[in-house]
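Below, chain A is the first sequence line, B the second, and so on; all start at residue 1.
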2 protein chains.
Amino acid sequence: MAPPDTRTQILDAAEHLFAERGYRGTSVRAITDRAGANLAAVGYHFGSKAELMSAVARRVVEPIIAAQSAGLDRLLAGTAEPGVAELVEAFAGPLFDGMPAGDEGGARRSRLIVMILSDPAEEVRGWAGADQDAVRERYLAAFARALPALSPEELWFRIRGVLAVTAVDRVEVHQRPAPDCPSPDTGEAARHWAVTFLAAAMSAPPTRT
Amino acid sequence: MAPPDTRTQILDAAEHLFAERGYRGTSVRAITDRAGANLAAVGYHFGSKAELMSAVARRVVEPIIAAQSAGLDRLLAGTAEPGVAELVEAFAGPLFDGMPAGDEGGARRSRLIVMILSDPAEEVRGWAGADQDAVRERYLAAFARALPALSPEELWFRIRGVLAVTAVDRVEVHQRPAPDCPSPDTGEAARHWAVTFLAAAMSAPPTRT
DNA sequence: GTTTGATTCAAACGAACGTATGATTTAAAC
DNA sequence: GTTTAAATCATACGTTCGTTTGAATCAAAC
């Protein structure tokens, strides 16, 4: 049985609060209170609030990047060139992993990802490693082969569209529930819906200019 | 020739800074400095920082809502039932209006919309009128008629996907420019790309369960 | 010229923030 | 039992924040 481990409890509390209130909306005091730790523990274990943010972001994003990379490896190891739907599944799928139906933690992590992608504070985006860019470039190349008719600019636009849908997805509906919103996304269903939605979008013929 | 009008200059400065640094990342002092106004002017003209945020949000969003509503009216006034591509164009198009190529202000407004949709602070989302919900419900009904095979849940998921793509779209690329990003979106092109992308996505056959 | 209402101004308030400090506790090593 | 390094603690510092205040300025009405 692992001891409470202050460092981990701070990470957990920070992940929770950052996702819920954003970086600037979360005070170090709120984090340590929730973690049951002393105020100075953040400085001791992480150095500063910004470095804590980096640690939280890395812990959430790195497994996703790894899964995306492994998925692409698996596709490229096959005999046939990977199709659009397969690429979409491999790219977007990991963003839905570990988010079972009705899981509070899943929705929270989803929100954290959006927060990481969209928060204007440079402390939030300043942690990035080279891995993300590398993975996205690899997918870009694979999509380019699967969709040779597309201009690089429009392809790039579509890749960002994929990211937008998978990331933003369920966030808004959690923040301001729609009037007659039919039940929050049921985890696994959302994953399949997203793949359907995005595969069709990526496969669209080039926009004629 | 209109006088400088302190109130308007504060609105302009706030729109700029809120889009660039977020709500919590922008101080009232930064706003009044940029507007060339006195610190107390925000309190005098708007009451509080939160109410200033509301005013900024309304000024940006209301014309978009109105255009979306008018576009749907126009489609419904026609003889034939509107198709998916027409609905997508009417819904997503207004989000790209007034954003000519290379326009700094256009990208900024785009960022502001994302900020309004994704900021966790309740001051940012607390301004909403009934108009937004009404328009989205009307589009939901129109899409439901155009896509009768889709379950309400999946349709709702797709509508949110449309919003995600149009809103997030060009934000991330401005915050962390990709390694070999091919030229920022050229305004009108992005609009057409988005419609292509989203019409295909909306038209996808239902996900078989 | 005086009055009046709207606006602008400099200055200050208390609260909350991130961070740093130095003492204290803990627990393993010797 | 003493030593030592890691960890936790209460406390304080300096800054920045949103908001408030009351006097000063302006412009039109009379």
Side-chain angles (χ1 to χ4, degrees), chain A residues 1-58 112 115-116 119-127, chain B residues 1-58 112 115-116 119-127:
Chain A
M1 201 54 191
D5 187 354
T6 301
R7 201 189 128 94
T8 303
Q9 284 190 237
I10 289 176
L11 276 173
D12 291 341
E15 179 175 319
H16 189 107
L17 292 172
F18 282 152
E20 203 151 275
R21 314 184 193 171
Y23 177 73
R24 296 203 119 110
T26 302
S27 70
V28 175
R29 284 168 175 82
I31 294 169
T32 52
D33 281 0
R34 172 175 247 269
N38 185 272
L39 172 59
V42 165
Y44 178 77
H45 286 285
F46 299 95
S48 69
K49 182 187 178 184
E51 292 172 278
L52 170 59
M53 175 75 242
S54 293
V56 169
R58 259 192 297 273
L112 184 64
M115 181 273 213
I116 290 171
D119 196 296
E122 66 278 9
E123 294 99 319
V124 179
R125 279 170 295 103
W127 61 277
Chain B
M1 203 52 192
D5 188 352
T6 301
R7 201 189 127 95
T8 304
Q9 284 191 238
I10 289 177
L11 275 174
D12 291 341
E15 179 175 318
H16 188 107
L17 291 172
F18 282 153
E20 203 151 275
R21 314 182 193 173
Y23 177 73
R24 297 201 119 110
T26 302
S27 69
V28 175
R29 285 169 175 83
I31 293 169
T32 52
D33 282 359
R34 173 175 246 270
N38 186 271
L39 172 60
V42 165
Y44 177 78
H45 286 284
F46 299 94
S48 68
K49 182 187 178 184
E51 290 172 280
L52 170 58
M53 174 75 241
S54 292
V56 169
R58 260 191 297 272
L112 184 64
M115 180 274 212
I116 290 171
D119 196 295
E122 66 279 10
E123 294 98 321
V124 178
R125 280 168 296 104
W127 61 277

Undergrad: For a quick test of reading the model, state the closest non-hydrogen atom pair linking A:Thr26 to A:Leu17 and the distance between them.
TA: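 Closest approach of A:Thr26 to A:Leu17, heavy atoms only: OG1-O, 3.1 Å.
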Undergrad: Any idea which heavy atoms bring A:Ala37 and A:Thr6 closest together, and the distance?
TA: CB-CG2, 3.8 Å
Undergrad: Spell out, as yes or no, whether a donor-acceptor pair under 3.5 Å connects the side chain of A:Gln9 to the backbone of A:Ala35.
TA: yes
Undergrad: Using only atom types and a distance under 3.5 Å, with no angle test, would you say the side chain of A:Arg125 pairs donor to acceptor with the backbone of A:Asp119?
TA: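 At least one qualifying donor-acceptor pair exists.
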Undergrad: Mind checking B:Thr26 for me? I need base, sugar-phosphate or nothing, with any heavy atom below 4.0 Å counting as a touch.
TA: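 The residue B:Thr26 makes sugar-phosphate contact but no base contact.
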Undergrad: Please find the pair of heavy atoms, one from B:Val124 and one from B:Ile116, that lie closest to each other, and give the distance.
TA: CG1-CA, 3.7 Å
Undergrad: Looking only at heavy atoms, which two atoms of A:His45 and A:Arg7 are closest? And how far apart?
TA: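 Shortest heavy-atom separation between A:His45 and A:Arg7 comes out as O-NH1, 3.4 Å.
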Undergrad: Measure the distance from CG on B:Asp33 to P on D:dC17 and round it to the nearest whole Å.
TA: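 Going from CG in B:Asp33 over to P in D:dC17 covers 10 Å.
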Undergrad: Rounded to whole Å, please give me the gap between CZ in B:Phe46 and P in D:dG18.
TA: 15 Å
Undergrad: Can you tell if the side chain of B:Leu52 reaches within under 4.5 Å of the side chain of B:Ile31, non-hydrogen atoms only?
TA: yes
Undergrad: Would you mind reading off the distance between B:Arg24 atom CZ and D:dT16 atom P, rounded to a whole angstrom?
TA: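 Interatomic distance, CZ of B:Arg24 to P of D:dT16: 19 Å.
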Undergrad: Taking heavy atoms of chain B and a 4.0 Å limit, find me the 5'-most and 3'-most nucleotide of DNA chain C within that range.
TA: C:dA6 to C:dA12
Undergrad: Summarise protein proximity over nucleotides 8-13 of chain D in one line of letters, 5' to 3': B for base, S for sugar-phosphate only, - for none, counting protein heavy atoms closer than 4.0 Å.
TA: BBBBB-
Undergrad: Give me the atom names and distance for the closest heavy-atom approach of B:Lys49 to B:Phe18.
TA: CE-CE2, 4.2 Å
